[in-house]
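Before any comments, here is the structure.
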Amino acid sequence: MPDPLPRAFYTRSALEVAPDLLGNILVRELDGHRLAGRIVEVEAYLGGEDAASHAFRGPTPRNRSMFGPPGHAYVYLIYGVHHCLNIVTGPEGDGQAVLIRALEPLEGVELMRANRREAPDRQLTNGPGKLCQALAIDRRLDGHDLCLGETLWLEPGPQPGEPICAGPRVGVRGDDLALNRAWRFYLKGHPDVSPAPQNRLPCTLTRPTPNETSHD
DNA sequence: GTCAAGATTAGT
DNA sequence: CTAATCTTGACG
């Protein structure tokens with residue numbers, strides 16, 4: 001079993017970490033079972049300048065884990081219905097995070113299906129709310145340290161063969177900056193990318209990302 | 001205390 | 001297009 005991605009991986013700008021997360025594996029340990037999926041879609045959220053970020057107006061009880069050390073989870077409830085999973089990045093205190101928007105299911109698919117009691121026959125992890133339901137992620141995991149290799153963590157995955165697309169983020173409000181920057185990243189043509197209208201817009205290709213925590 | 005709005009989803 | 005469902009954060 002590979003080691004979890006180390007703290008140093010997360011100690012960078014959300015704009016660097018977000019595309020590098022694509023292709024890596026999100027692992028959830030649940031009642032002795034291993035649930036895992038390959039990350040295929042993410043969005044970067046910054047602090048300060050980013051009007052769409054929960055960190056925009058500073059720390060509050062709800063978002064305080066965003067301002068904690070990198071490599072921890074920030075989990076929140078949206079619309080009173082669904083949970084969303086973020087990975088805290090950057091220097092402590094900045095409030096940067098990356099929203100995990102979609103996975104390709106790899107392990108524990110039957111348990112994921114059972115967790116999605118509302119729609120077990122539909123796609124399991126092609127949206128931020130759906131993947132949290134499939135992996136049984138809720139606010140109890142808010143602030144969880146992803147570098148421990150317990151309960152919830154990330155493992156290095158093979159370099160994606162697919163090109164990386166970048167485009168505007170989904171469902172956000174805010175000013176021109178928040179609406180128009182290409183801070184959403186996904187694997188081109190992957191069937192488990194969330195059903196967002198932007199999927200058909202022109203695709204800005206990003207560099208081939210060195211996924212591995214390579215040191216020179 | 002009151003209240004509008006929300007980084008979504010499934011169903012009409 | 002809209003309901004579901006509830007916590008947060010702003011205001012007083």
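The chains referred to below are lettered A, B, ... by the order of the sequence lines, with proteins before strands, and numbering in each begins at 1.
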What is the separation between atom [atom1] on [X] and atom [atom2] on [N], rounded to the nearest whole Å?
| X | N | atom1 | atom2 | answer |
| --- | --- | --- | --- | --- |
| A:Arg64 | C:dT8 | CZ | P | 11 Å |
| A:His82 | B:dG11 | NE2 | P | 11 Å |
| A:Lys130 | B:dT8 | NZ | C1' | 10 Å |
| A:Leu46 | B:dA7 | CG | C1' | 13 Å |
| A:Glu43 | B:dT8 | CD | C1' | 12 Å |
| A:Glu118 | C:dA3 | CD | P | 18 Å |
| A:Ile100 | B:dA7 | CD1 | C1' | 13 Å |
| A:Met66 | B:dA7 | CE | P | 11 Å |

From the set [options], return the single nucleotide nearest to any side-chain atom of [X].
| X | options | answer |
| --- | --- | --- |
| A:Pro61 | C:dC6, B:dA7, C:dG9 | C:dG9 |
| A:Arg122 | B:dG11, B:dA7, C:dA4 | B:dG11 |
| A:Arg57 | C:dA10, B:dA7, B:dT9 | C:dA10 |
| A:Ile78 | C:dC6, C:dG9, B:dG6 | B:dG6 |

OP1 or OP2 of [N] under 4.0 Å from side-chain N/O of [X]:
| X | N | value |
| --- | --- | --- |
| A:Thr60 | C:dT8 | no |
| A:Arg184 | B:dA7 | no |
| A:Arg173 | B:dA4 | no |

Starting from the 5' end of DNA chain C, give me the residue, A:Arg139 or A:Tyr79, whose nearest nucleotide shows up first. A:Tyr79
Distance check, rounded to the nearest 0.5 Å: [X] atom [atom1] versus [Y] atom [atom2]?
| X | Y | atom1 | atom2 | value |
| --- | --- | --- | --- | --- |
| A:Ser65 | A:Leu141 | OG | CG | 11.0 Å |
| A:Ile39 | A:Arg101 | CD1 | CZ | 13.5 Å |
| A:Glu49 | A:Phe56 | CD | CZ | 7.5 Å |

Quiz item: cation-pi between A:Arg12 and A:Tyr10, 6.0 Å / 45°: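 No; the conditions do not both hold, so A:Arg12 does not lie above the ring face of A:Tyr10.
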According to the Watson-Crick and G-U wobble definitions, with both distances under 3.5 Å, which nucleotide is paired to B:dA7? none
Watson-Crick or G-U wobble mate for C:dT5, both contacts under 3.5 Å: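 Per the H-bond distance test, none.
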The side-chain contact (heavy atoms from CB on, under 4.5 Å) partner of A:Val193 among A:Lys188, A:Arg184, A:Glu104 is A:Arg184
Using the P atom as the reference point in each nucleotide, state the distance between B:dT2 and C:dT5 in Å, no decimals.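 One P to the other, the span is 23 Å.
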